[in-house]
Amino acid sequence: QVQLVESGGGLVQAGGSLRLSCAASGRTFHTMGWFRQAPGKEREFVAAIGWSGGTTRYADSVKGRFTISRDNAKNMVYLQMNSLKPEDTAGYYCAARASIVVVTTGNDYNYWGQGTQVTVSS
C-alpha cells in the first residue's frame, strides 16, 4: 500500500524557518513534489524534484527561500523553508508520480499525503 506522510509543520514567526518531511512507503517514485493550499484558495505548486536530485522546479513565489531535497535510501523528500512570510501560510502536501518527467501540475501526480499545516505569524 502506497503511503505519503508529511511532518514538520507548525507555527513560526515571519522570517523564521521550517523543514517539512515526507516519508513515502509502498514503492519508490521518480518525481516528488510539494504543493500548498490556503483557505479559500486553489492548490498551488511549490517545488518538485527528480530521482537524482539534479532536476528541481520551484514556484516563483518561493525561489531563493525554499529548497527541496530527497534521500532515496530513506525514501524521504524534504522542503526547507527559510525567510517565511505570512503569505506562506497553508496546508502543505507531498505528492508523488512514477514518471521521470518533473512537472508542476497537481493533476499529473498520482499519490498524495494528508498534509501538514504551516502557519506564519506577522
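Hydrogens, waters and symmetry mates are skipped; everything else that's a heavy atom, side chains included, is used.
A donor-acceptor contact shorter than 3.5 Å is absent between the side chain of Thr105 and the backbone of Asn107. Listed for the Thr119 side chain is no donor-acceptor partner under 3.5 Å among the backbone atoms of Leu11.
With hydrophobic clusters built from ILVMFWY side chains whose heavy atoms lie under 4.5 angstrom apart, Trp51 does not share a cluster with Tyr58. Hydrophobic clustering, with ILVMFWY side chains joined whenever heavy atoms are under 4.5 angstrom apart, groups Val2 together with Met32. Linking Ile, Leu, Val, Met, Phe, Trp and Tyr whenever their side-chain heavy atoms come within less than 4.5 Å leaves Ile49 and Tyr93 in two separate clusters. Hydrophobic clustering (ILVMFWY, side-chain heavy atoms < 4.5 Å, transitive): Val12 and Val46 are in one cluster.
With sequence neighbours excluded, no residue forms a salt bridge (charged side-chain N to carboxylate O under 4.0 Å, His left out) with Lys41. Here Val102 pairs with Thr31, Ala48, Thr55, Arg57 under the side chain to side chain contact (heavy atoms under 4.5 Å, CB included) rule; sequence neighbours left out. Residues passing the side chain to side chain contact (heavy atoms under 4.5 Å, CB included) test with Ala98, sequence neighbours excluded: Arg27. Taking Arg19 as the reference, nothing meets the salt bridge (charged side-chain N to carboxylate O under 4.0 Å, His left out) condition, with sequence neighbours excluded. The salt bridge (charged side-chain N to carboxylate O under 4.0 Å, His left out) test applied to Glu87 returns no partner, not counting sequence neighbours.
How far CG of Leu79 is from OG1 of Thr116: 11.0 Å, rounded to the nearest 0.5 Å. The line from SG of Cys94 to CD1 of Ile68 is 8.0 Å long, rounded to the nearest 0.5 Å. Rounding to the nearest 0.5 Å places OG of Ser52 at 6.5 Å from NE2 of His30. Between the CG atom of Asp108 and the CZ atom of Phe45 there is a distance of 11.5 Å, given to the nearest 0.5 Å. In this structure, the separation between CZ on Phe35 and CZ on Arg43 is 6.5 Å, given to the nearest 0.5 Å.
Checking Arg97 against Tyr109 by side-chain atom types alone, no donor-acceptor pair falls below 3.5 Å.
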List the steps, then state whether side-chain contact (heavy atoms from CB on, under 4.5 Å) holds for Leu20 with Met81.
CA-CA 8 Å; Leu20 304 184; Met81 305 186 296; 3.7 Å; yes

Could you go through Glu6 and Ser21, starting from their C-alpha distance and side-chain angles, then the distance that decides it, and tell me whether this counts as side-chain contact (heavy atoms from CB on, under 4.5 Å)?
CA-CA 6 Å; Glu6 303 94 335; Ser21 300; over 6 Å; no

Test Val5 against Gln114 for side-chain contact (heavy atoms from CB on, under 4.5 Å), laying out the working first.
CA-CA 7 Å; Val5 179; Gln114 294 298 307; over 6 Å; no

Given side-chain contact (heavy atoms from CB on, under 4.5 Å), test Arg36 with Ser61 step by step and report yes or no.
CA-CA 12 Å; Arg36 66 187 182 186; Ser61 58; 3.5 Å; yes

Test ring pair (Phe, Tyr, Trp, His ring centres under 6.0 Å) applied to Phe29 and Tyr111, step by step
CA-CA 10 Å; Phe29 298 95; Tyr111 300 94; 5.1 Å; yes

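Minimum interatomic distance between Ala14 and Ser122 (heavy atoms only, all atoms of both residues): CB-CA, 4.3 Å. Nearest heavy atoms, Cys22 versus Leu4: SG-CB, 4.1 Å.
A tilted orientation is assigned to the rings of Phe66 and Tyr92, their planes being inclined by 30° to 60°.
Pairs engaging residues 72-85 under the side chain to side chain donor-acceptor pair (under 3.5 Å) rule: Ser17-Asn82, Arg70-Asn72, Gln80-Asn82 [sequence neighbours left out].
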